[in-house]
> 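One structure coming up, written as structure tokens, with questions to follow.
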Amino acid sequence: MFYFEEGSKETRQWVEHGVGSLDIQPDTGILSILNENQDVLHRTDLRQQCDDVHTESNMLILWYDSVLRHRVAISFSCVADQRKTWPEICQVLGIDPASVSSASPGTPSSDEEDDPESLTQLDDTRYESDFKSTLSFPTLPPFSLETLEEISNLLDSAVHERQTAPQLGAPVPMTAADRDKRETAVARCEHFSDQCLSLKYGDHIHEALEMLEDLEDEGMLRHLARLAQALLLLGNITLLENLTSGEKLLDIIGAMDYLKDPPSGHRKFLTEEAAFREPVRIEDPQLSEAIHSCFRMQHLKDVIFANTVDDTLSNQLSTLLVFKSAEIVTMILSEVGFLKELFDALKSEDVSPEDRKNQIRCLLELCKMSGCLHMEQKALFMETLYKNDVLDIFPTILDHDLAEARLAGMTVLTHLVYNDATDLRMRICGQVVAAKAGMPSVMQLLVDRITEDPHLGMVRQAAEALRLLLDCGTPDHNLLAAKKTEFLNHFYDDCAPPLRTLIQSRKDTQLAIGSIEADRIEIVVDLVTHCVPQHGFLVKHFLLNDGMLLHIGALLSMRNNVVIFAVLRFLRAVAATGNEFFLRNIANNKLLAPVIGLLQANGPRYNLMNSAILDLLEFIRKENIKTLVHALVKQHESELRAISYVLTCRALIARYERNEELERQPPSSTVTEMLPDDDRGFSRLRKREGLDLHEDNYFDSADEDEPAMAQDPPPLQRMSSVAPRRPLPSVKKRGQNDDDDDDDAVDDDDDDELLLFL
């Protein structure tokens, strides 16, 4: 079911708001439109705010919403759903379903007759109703060989008129004449569609095709082909659903073969060349017929009508394919032994490579079709896969000799990851014990494909699946902290060592641009880069204690741009963490020296290498990563000063000089000693947090608009965030004589209070 709302009145366009289901509450009269996640797309009170409720073309239910002040439409995928829903709405409204139809839309309610604005909103409906009532179209004759040419000409002209009529959503708004032309074309196609259904044209095509092929009458076969094509292009989904059911679609395709000379041969391909493989025996004839019908509809959409620009037919075929795919998966789930037999065959070792490939492709098609299911049915399908130990088949599948079989198996695994990565992580945690016993886990299988598979597509898909599984650093309420730690420990202890070995073995080699090994290195470095900001202590241990940071930094000598850009992304991600262990390791091991060397070797050429390196240096300067700023200027000041075609290098040196200047300013011990204990702690906190003294001084300085003081107060050095204050008054010490008080006395006004300004 599709949910639409009317757009602006000038364009008279309908805006689609999604696909969903209806929920009608007879007691309250509330109608809700829910999406696949059971979120409310639209909610209305049928009794209070719905007027002009009517049906059109056996596929639509429309009404005018008095609160939203525009029309709302619900388009059903089949007539049966509309006929089931319409009586329920009429029962809530207390009207007879037969008394309200598309013949009388646009009649305002008694409350709207006195409301000019409501009458304006209903003007479009009145227009369509009055306009259609004035149209008259010819009646189609009964199907026969004598009337075949006449029928094909009438239907062809109707389809051509609809396709050439002004389209909704065009850049230029439609005029009244354009609107009339479009309404006429659509009404004519609807009129002919209803007649084709009533005269059962689709049932006569098989008999006519056999007779004309026996007579070898090419002219009449051409008329029959035009008729078959026009029936599909009329744009009526009820007629299309009737034509694609059973063997009718094969007859339609066979007739359309004669649109070209010589015939296209699509029917021969579907019946003789396209082999129907059954890795598991299908006993239900309805299931087998549904699979054949789905394949033929897909061939019709993707091959036969591939070069035909008709959005209506394409959308209708896509809708029917979605429902047909959902029907197939539902029927397979009802077959208790089908999936069990399929997984038993996948786990068996005594299987030929061709049979194994067919089994994997069968499972892959089921996973693809499950995307058409509702959420509850999809959850049931995934649970059925896990009950049949779907994870146990991947060691065999992903190590298959045929690349096509391996890629299909990887696609199945990626489908599991995309469906619910959290659930898969929990199940992988259950594989850790088995992994230690010799059975590889899913994570280890993915790493093996990344490091060993000779096909780049397989490597990239495995890396994407692994990246999604490792993306558990963000808050995940479904994954317990203990399970998350266990999952990540399994990765870094049991799965990551081959990645480190791969990087270490390639750091001193030169790889040609475009080679799969260079792309493999790039994928691994990007994978590690993805883990840096998420995995905290574990990734720090992996990079520092295991030497991965040094191995990746050494890849800058490879002189392969693909690898160099990956390393630059990695260095930026590490620098962005602000972790001093990382920063000191980079500085002490001079990992940025090759970066400066590449910048010098590139020269002033404005290319991607230049931009990538300058972006890294600008990031270090802008974020004021002091450890790296100090290391860059101390180790490469002369090289940086020699680069004058951009300001980044000079700005980096200026940032270093400013940092040095601030560090040389000695802190004032006098002020700190005068502070209470709490103030000293606050000063130490500010110093530990590394707040910029220059920024702090800015707020303590006098505004330019303030008048200058007659006499500046004596300068007072201060520390961290301690604000300038007036000199403290003398305080009488305990046991001091009164005479001494007279000598050191201060004004009474100054003795009243002792203030410390923070």
> Do the side chain of Asp251 and the main chain of Ile205 share a donor and acceptor less than 3.5 angstrom apart?
no
> Is there side-chain contact between Thr44 and Val72, with at least one heavy-atom pair below 4.5 Å?
no
> Considering all heavy atoms of both residues, which atom of Ala465 and which atom of Val417 are nearest to each other, and what is their separation?
O-CG1, 4.1 Å
> Using 4.0 Å as the upper bound for N to carboxylate O, is an ion pair formed by Asp178 and Arg182?
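No, no charged N to carboxylate O under 4.0 Å.
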> With no hydrogens and no angle check, is any side-chain donor or acceptor of Arg361 less than 3.5 Å from a backbone partner on Ala408?
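No: the side chain of Arg361 does not pair with the backbone of Ala408.
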> Between Thr147 and Pro142 (side chain of the first, backbone of the second, donor and acceptor by atom type, cut-off under 3.5 Å), is there such a pair?
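Indeed, once roles are kept as given, a pair shorter than 3.5 Å links the two residues.
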> Roughly how far, to the nearest 0.5 Å, is the CD atom of Glu327 from the CG atom of Leu287?
9.0 Å
> Which distance, rounded to the nearest 0.5 Å, do you find between the CG of Leu391 and the CG of Asn388?
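Rounded to the nearest 0.5 Å, the CG-CG separation comes to 11.5 Å.
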> Are side-chain heavy atoms of Ile33 and Asp23 found at a separation under 4.5 Å?
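No, too far: nothing below the 4.5 Å cut-off.
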> Would you check, one step at a time, whether the test side-chain hydrogen bond (donor to acceptor under 3.5 Å, both in side chains) holds for Gln461 with Thr411?
CA-CA 8 Å; Gln461 196 164 350; Thr411 306; 3.2 Å; yes
> Just jot down the ring-ring contact (aromatic ring centres under 6.0 Å, His included) partners of Phe269, sequence neighbours excluded, or say none.
His299
> If you measure from OG1 on Thr414 to CG on Asn419, what distance do you get to the nearest 0.5 Å?
12.5 Å
> Answer yes when Arg427 and Glu383 have at least one side-chain N-carboxylate O distance shorter than 4.0 Å, and no when they do not.
yes
> Can you tell me how far apart OG1 (Thr271) and CD1 (Ile253) are? Round to the nearest 0.5 Å.
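Going from OG1 on Thr271 over to CD1 on Ile253, the span is 10.0 Å.
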> Report yes if the side chains of Glu241 and Phe323 come closer than 4.5 Å at any heavy-atom pair, otherwise no.
no
> In sequence, state the C-alpha distance, the side-chain angles, and the governing distance for Ile151 and Phe192, and then conclude on side chain to side chain contact (heavy atoms under 4.5 Å, CB included).
CA-CA 10 Å; Ile151 296 173; Phe192 284 159; over 6 Å; no
> Looking only at heavy atoms, which two atoms of Cys362 and Pro279 are closest? And how far apart?
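Taking every non-hydrogen atom into account, CB-CG, 3.6 Å.
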> For the residue pair Ser245 and Ser293, establish whether any side-chain heavy-atom pair is separated by less than 4.5 Å.
no
> Under the rule for ring-ring contact (aromatic ring centres under 6.0 Å, His included), what residues qualify as partners of Phe143, not counting sequence neighbours?
Tyr201, His204
> Counting distance only, does the side-chain N/O of Arg222 pair as donor-acceptor with the main-chain N or O of Tyr258 below 3.5 Å?
yes
> How many angstroms lie between atom CD of Glu365 and atom CD1 of Ile291, to the nearest 0.5 angstrom?
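These two atoms lie 10.0 Å from each other.
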> Please name all residues satisfying side-chain contact (heavy atoms from CB on, under 4.5 Å) with Glu88, sequence neighbours left out, ordered by chain then number.
Ile24, Lys84
> So which heavy atom on Phe137 is nearest to which on Thr184, and how close?
CZ-O, 3.8 Å
> Can you find a heavy atom in the side chain of Pro138 that is under 4.5 Å from one in the side chain of Leu154?
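Sidechains of Leu154 and Pro138: in contact.
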> Backbone N or O of Val280 within a donor-acceptor pair of the Glu341 side chain at under 3.5 Å?
no
> State, to 0.1 Å, how close Ala326 and Cys372 come at their nearest heavy-atom pair, and which atoms those are.
CB-O, 3.8 Å
> Counting neighbours of CD on Gln286 that are heavy atoms of other residues, nucleotides or ligands and sit closer than 6.0 Å, is the number greater than 12?
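No, not enclosed.
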> Do the side chain of Asp420 and the main chain of Leu416 share a donor and acceptor less than 3.5 angstrom apart?
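No, because the side chain of Asp420 does not come within donor-acceptor range (under 3.5 Å) of the backbone of Leu416.
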> So which heavy atom on Ala185 is nearest to which on Arg162, and how close?
CB-CA, 3.7 Å
> Under the side chain to side chain contact (heavy atoms under 4.5 Å, CB included) criterion, do Leu62 and Val53 qualify, and how do the steps go?
CA-CA 6 Å; Leu62 305 95; Val53 183; over 6 Å; no
> Using 0.5 Å steps for rounding, measure from the CZ atom of Arg425 to the CG atom of Asp471.
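It comes to 6.5 Å.
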> Between Ser264 and Leu259, does a side chain to side chain contact (heavy atoms under 4.5 Å, CB included) hold up when you go through it step by step?
CA-CA 8 Å; Ser264 305; Leu259 287 172; over 6 Å; no
> So do the side chains of Gln163 and Val159 get within less than 4.5 Å of each other, counting heavy atoms only?
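A side-chain contact under 4.5 Å exists here.
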> Quick one: does any side-chain atom of His223 pair with a main-chain N or O of Glu150 as donor and acceptor, under 3.5 Å?
no
> Taking salt bridge (Lys or Arg N to Asp or Glu O under 4.0 Å) as the cut-off, I'd like each qualifying pair that reaches into residues 282-306, sequence neighbours left out, listed once.
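Sorted result for residues 282-306: Glu247-Arg296.
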> How about Leu424 and Tyr418: do any of their side-chain heavy atoms sit closer than 4.5 Å?
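Side-chain contact under 4.5 Å: no.
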> Considering only heavy atoms from C-beta outward, does the side chain of Met382 approach that of Leu373 to under 4.5 Å?
no
> Dump the intermediate steps for side chain to side chain contact (heavy atoms under 4.5 Å, CB included) on Thr384 and Leu333, then the final yes or no.
CA-CA 8 Å; Thr384 305; Leu333 288 176; 4.0 Å; yes
> For Arg277, does its backbone N or O pair with a side-chain atom of Asn358 as donor and acceptor, under 3.5 Å?
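Checking the backbone N and O of Arg277 against the side chain of Asn358, no donor-acceptor pair under 3.5 Å is found.
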> Do any N or O atoms from the side chain of Ser314 and from the backbone of Asp311 form a donor-acceptor pair under 3.5 angstrom?
no
> Output all residues satisfying side-chain contact (heavy atoms from CB on, under 4.5 Å) with Arg43, sequence neighbours left out; order by chain, then residue number.
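Listed in chain order: Ile30, Ser32, Val40.
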> Strictly distance-based, threshold 3.5 Å: is any side-chain N or O of Glu278 a donor or acceptor partner for the main-chain N or O of Ile282?
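Judged by distance alone, yes, a pair lies under 3.5 Å.
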> Which atom pair, heavy atoms only, marks the closest approach of Val329 to Leu366?
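Heavy atoms of Val329 and Leu366 come nearest at CG2-O, 4.2 Å.
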> side-chain hydrogen bond (donor to acceptor under 3.5 Å, both in side chains) between Thr28 and Gln25: does it pass, once the steps are laid out?
CA-CA 6 Å; Thr28 60; Gln25 301 178 8; 3.0 Å; yes
> Does Asn242 have any side-chain contact (heavy atoms from CB on, under 4.5 Å) partners at least two apart in sequence or in another chain, and if so, which?
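Asn242 satisfies side-chain contact (heavy atoms from CB on, under 4.5 Å) with Leu197, Lys248 once adjacent residues are dropped.
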